[in-house]
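Here is the structure we will look at.
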Amino acid sequence: MGNQFIPYGKQSICEEDIAAVTEALRSDWLTQGPKVEEFEKKIAKYCGARYAVAVSNGTAALHLAVLAADFGSGDEVITSPITFVASANCIVYAGATPVFADIRSNTYCLNPAEVEKRICPATKGIIPVHFAGQPCDMDAIGKLAQDNKLVVIEDGAHAIGASYHVEGKTHKVGSCIHSDMTIFSFHPVKHMTTGEGGMITTNSDELYEKLLLLRTHGITKDPSKLTRQDGPWYYEQQTLGFNYRITDFQCALGISQLEKLDGFVCRRREIAVAYNDAFSGGEKLLIPFEAEQAQSSCHLYMLQFDSLDRLKVFNRLREKGLGVNVHYIPVHLQPYYQENFGYNTGDFPEAEAYYARAITLPLYPMMTQEDVAYVINAVLSTVSELEG
Ligand SMILES: *Cc1c(COP(=O)(O)O)cnc(C)c1O
């Protein structure tokens with residue numbers, strides 16, 4: 001028990017994954033080959049979107065999405081302060097201004113009422129983040145966007161496999177029913193991995209074409225799109241793009257991982273239920289909330305410690321071998337955002353209250369029942385030690 005260390009997240013790689021990557025490595029295509037398109041088609045189908053564009057990582061996906069959305073100088077884009085910095089950084093990449101809106105105290109996701117308060121003539125978009133896998137209130141956000149002509153980019157880095165119900169229908173995150181685009185990340189801590197990797201889903205022909213162009217330097221060889229034709233070698237750069245491509249062997253891994261995604265999410269939910277059962281009822285512990293109209297993909301399990309010293313709890317759990325973490329330091333409290341955009345402590349009380357009390361517990365599909373029991377015991381014993 002002394003040497004036990006249970007990280008907060010971990011990838012699950014099996015022999016089939018390794019075989020799939022090996023096969024891709026033996027093929028003629030290491031990059032720009034058939035596995036990329038196959039992976040895109042399978043993700044689009046899984047999410048219920050028309051198109052998917054695979055890229056080198058989730059941050060690149062956000063970058064291309066904000067460029068395709070045409071956000072730029074003078075535009076304001078609203079996002080959540082409780083997210084990884086990339087959700088806000090992409091707005092700055094586009095030369096636009098990030099505007100934060102406070103979260104709901106229960107779901108820790110953007111509060112549509114707070115978003116509405118911040119909409120002004122300069123507002124061009126919203127980037128809702130399905131924090132920890134809990135889908136945002138997309139119905140309300142979609143309506144705000146429609147009324148104010150805003151582009152919505154869902155940050156689904158935590159939420160592949162999550163779904164929500166509106167008017168009797170179930171929508172997977174990534175279906176883009178209430179948004180223009182959704183992005184995913186395939187970093188090893190996320191639900192499924194390609195090492196590094198990302199994806200953008202959309203139902204728009206126009207956005208799809210733009211994303212394809214932006215992913216490869218702004219270059220096209222498509223004869224129907226060229227402005228002239230110099231010869232068989234000819235290609236055209238039509239906009240300023242990047243090299244944000246992903247490789248075929250990464251996509252081979254992604255295809256193999258996607259087959260196991262529902263099983264991964266199912267196991268994560270099982271563990272979350274075991275945690276909820278163990279931690280509910282006590283006064284000191286606040287378990288995550290799941291909205292009735294949504295099914296979380298349980299990317300992270302955050303427990304809030306009320307009237308206990310969070311730092312002491314954290315240190316004690318680390319001493320007991322739990323790789324606990326805190327997700328996230330509110331983005332508006334990062335020095336970069338304070339210095340460049342004038343944000344301050346006190347700006348978003350719900351986000352800051354959440355941050356002051358939250359600890360992320362280990363949660364990943366390969367956790368054994370013994371691991372889960374060990375975590376539960378470590379948390380409960382720490383609470384009683386610190387109470388005493
Ligand atoms: C991981 C993550 C990203 C960025 O994904 P990368 O693949 O690491 O670039 C963006 N947003 C959120 C909420 C994330 O958790």
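In this text, all values refer to a predicted model and were calculated from it rather than measured experimentally. Start at 1 and go down the list; that is how both ligands and their atoms are numbered.
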Worked verdict on D70 versus K124 for salt bridge (Lys or Arg N to Asp or Glu O under 4.0 Å): CA-CA 9 Å; D70 266 332; K124 290 286 145 50; over 6 Å; no
Nearest neighbour in protein (non-hydrogen) for [atom]:
{"atom": "atom 4 (C) of ligand 1", "answer": "T59 OG1, 3.6 Å"}
{"atom": "atom 14 (C) of ligand 1", "answer": "K190 NZ, 3.1 Å"}
{"atom": "atom 12 (C) of ligand 1", "answer": "A157 CB, 3.4 Å"}
{"atom": "atom 10 (C) of ligand 1", "answer": "D155 OD2, 3.7 Å"}

ILVMFWY network linking L110 to V151, side-chain heavy atoms under 4.5 angstrom: no
Shared hydrophobic cluster, M302 / L363 (ILVMFWY, side-chain heavy atoms < 4.5 Å): no
Which of the atoms of ligand 1 are close to [X], meaning less than 4.0 Å from one of its heavy atoms?
{"X": "Y328", "result": "15 (O)"}
{"X": "G58", "result": "5 (O), 6 (P), 7 (O), 9 (O)"}
{"X": "T83", "result": "13 (C)"}

Heavy-atom nearest neighbour of atom 15 (O) of ligand 1 within options H130, H158, M199: H158
E196 N/O under 3.5 Å from ligand 1 N/O: no
Contact check: S185 vs ligand 1, nitrogen or oxygen atoms, below 3.5 angstrom: yes
Which pair of heavy atoms, one from [X] and one from [Y], lies closest together, and at what distance?
{"X": "C47", "Y": "F184", "answer": "SG-CE1, 3.7 Å"}
{"X": "L62", "Y": "A86", "answer": "CD1-O, 3.5 Å"}
{"X": "M181", "Y": "A65", "answer": "CE-O, 3.4 Å"}

Sub-4.0 Å heavy-atom contact, S87 with ligand 1: yes
Test ring-ring contact (aromatic ring centres under 6.0 Å, His included) applied to Y337 and F100, step by step: CA-CA 10 Å; Y337 282 90; F100 297 103; 5.7 Å; yes
L303 side, atom CG; I287 side, atom CD1 - distance, nearest 0.5 Å: 8.5 Å
